[in-house]
Amino acid sequence: MPSLESTLRPDEVTLVLVQQAVTKHRMRYDMVFFKAVLAGLMLSFGALMNEIVSGGTPALSEASANPAIPKILGGFVFPSGFVLIPMLGLELLTSNMMVLPMGIASGQIPWWSLPINWLIVTFGNLAGSLFSAAVLVHYSDILSSEPFFSSVQAFASKKAVVPQWHQIFLRGIGCNILVCIAIWVRLGTRIKNGSSVHGLEPIAIFVACSFDHVIANMFYIPLGIMFDTPSLSTANYIRKSLIATYLGNIVGAFIVWGPAVYFYIWNADYNNKKLEGTEAGTLKDIEAGYVKDE
């Protein structure tokens, strides 16, 4: 069994996240975009596994059976795509909703870096997600047979048709609280023997609880549109789901980074704090956007 070793205190994790913000600010825009495209693609693989598990277990989804089991199984398989993003140093919007504001609050990067980064990463993540949904799934016909076809429709409907705007917004808040906590935990701890799954428990929780992740929904809902889900169109998706989830994810990220900035930057001697190389990993690891596991 791999053993846990705590490597960074909360104030040190804050410093690493600020360093990541500086690195993202300095990155060329074309690199940001292509890293975002790949992040959308990687996340879609986990979302696809969730679709397969949810759609491939129809008997378990009946109200008279065990409806929680497909949700738990989906939460178990979804992180398989998420884990690839920090390992490859890619750009994901929901994590940047925490990282960039921390860099601005610490005075290390200018405010205008945030809207530029978020805009580029949003469209990059969208491009990667749409490529996966259209080319790898819809045109490849891998989910076109039953029970997967109906499941894709039902899944998209539950995300963008059935709930009200404010419900989607609130689900977005819950989602990014857990996503940002997952990032925090992965930076603050290290697992020996090469394990890469620690810190993904919060990701499994948000999937099992049906919270809304704006980038994951860029796969789920457009795929549902391609599968002719009733009452679902591109305009409805943007107006009801995309905007609500986007704003909810921003609020969820703030709930994590806001207290961190208050506790460890504004109320601390930030400029005199140093990260020990043996604790945080090499500077190269930090500049790549993650702290490497041993």
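Under the side chain to side chain donor-acceptor pair (under 3.5 Å) criterion, the residue pairs touching residues 216-226 are Asn50-Tyr220, Asp212-Asn217, with sequence neighbours excluded. Residue pairs satisfying the ring-ring contact (aromatic ring centres under 6.0 Å, His included) criterion with at least one member in residues 77-122, sequence neighbours excluded, are listed as follows: His25-Trp112, Phe78-Phe206. Screening residues 162-176 for side chain to side chain donor-acceptor pair (under 3.5 Å), with sequence neighbours left out, gives no hits. Counting only residues at least two apart or on different chains, the side chain to side chain donor-acceptor pair (under 3.5 Å) pairs with a member in residues 234-261 are Thr122-Tyr246, Ser233-Asn236, Asn236-Arg239.
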Begin with the C-alpha distance, continue with both residues' side-chain angles, and end with the deciding distance and a verdict on ring pair (Phe, Tyr, Trp, His ring centres under 6.0 Å) for Phe227 and Phe149. CA-CA 7 Å; Phe227 278 52; Phe149 186 91; 5.0 Å; yes
Verdict with supporting geometry, Leu88 and Lys35, side-chain contact (heavy atoms from CB on, under 4.5 Å): CA-CA 9 Å; Leu88 298 175; Lys35 285 188 174 186; over 6 Å; no
Could you walk me through whether His213 and Leu178 pass side-chain contact (heavy atoms from CB on, under 4.5 Å), step by step? CA-CA 10 Å; His213 188 278; Leu178 290 165; over 6 Å; no
Could you walk me through whether Phe254 and Ile250 pass the side-chain contact (heavy atoms from CB on, under 4.5 Å) check? CA-CA 6 Å; Phe254 170 76; Ile250 291 175; 5.7 Å; no
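Rounded to the nearest 0.5 Å, atoms OG (Ser144) and CE (Met226) are 11.5 Å apart. Atoms CG and CD1, from Leu232 and Ile221 in turn, are 7.0 Å apart once rounded to the nearest 0.5 Å. Leu114 contributes atom CG, which lies 9.5 Å from atom CE of Met97 (distance to the nearest 0.5 angstrom). Annotation: the span from Cys175 atom SG to Ile215 atom CD1 amounts to 10.0 Å, rounded to 0.5 Å. For the atom pair CG of Leu223 and CE of Met218, the computed distance is 15.0 Å after rounding to the nearest 0.5 Å. Atom CD1 of residue Ile120 and atom CG of residue Leu93 lie 12.0 Å apart, to the nearest 0.5 angstrom.
For Pro259, the side-chain contact (heavy atoms from CB on, under 4.5 Å) partners at least two apart in sequence or on another chain are Phe263. For Glu91, the salt bridge (charged side-chain N to carboxylate O under 4.0 Å, His left out) criterion is met by Lys24, not counting sequence neighbours. Contacts of Phe76 classified as ring-ring contact (aromatic ring centres under 6.0 Å, His included), with partners at least two apart in sequence or in another chain: none. By the salt bridge (charged side-chain N to carboxylate O under 4.0 Å, His left out) test, Asp228 pairs with no residue at all, sequence neighbours left out. For the side-chain contact (heavy atoms from CB on, under 4.5 Å) test, residues two or more places apart in sequence or in another chain that qualify with Ser132 are Leu41, Ser44, Leu136, Phe219. Evaluation of the side-chain contact (heavy atoms from CB on, under 4.5 Å) rule for Ile173 yields Phe169, Leu170, Ile177, Val251, Ile255 as partners, not counting sequence neighbours. Taking Phe148 as the reference, Ile52, Leu143, Ser145 meet the side-chain contact (heavy atoms from CB on, under 4.5 Å) condition, with sequence neighbours excluded. Applying the ring-ring contact (aromatic ring centres under 6.0 Å, His included) criterion to Phe211, with sequence neighbours excluded, gives no partner residue.
Looking only at distances, no side-chain donor or acceptor of Ser54 sits under 3.5 Å from a matching main-chain atom of Glu51. Side-chain N or O atoms of Asn96 include none that pairs as donor or acceptor with a backbone N or O of Val121 at under 3.5 Å.
Taking every heavy atom of both residues into account, Leu43 and Ala216 meet most closely at CD2-N, 3.7 Å.
Counted by atom type alone, Ser150 and Glu146 present one or more donor-acceptor pairs between their side chains at under 3.5 Å.
Under the 4.5 Å side-chain criterion, counting only non-hydrogen atoms from C-beta, Leu15 is not in contact with Asp11. Residues Val137 and Val152 are not in side-chain contact: their nearest non-hydrogen atoms beyond the backbone lie 4.5 Å or more apart. With contacts defined as side-chain heavy-atom distances shorter than 4.5 Å, the pair Pro10/Tyr264 qualifies.
Atom CZ of Phe33 has more than 12 neighbouring heavy atoms from other residues, nucleotides or ligands inside a 6.0 Å radius.
One hydrophobic cluster, built from ILVMFWY side chains closer than 4.5 Å, cannot hold both Val162 and Phe155; they sit in different ones.
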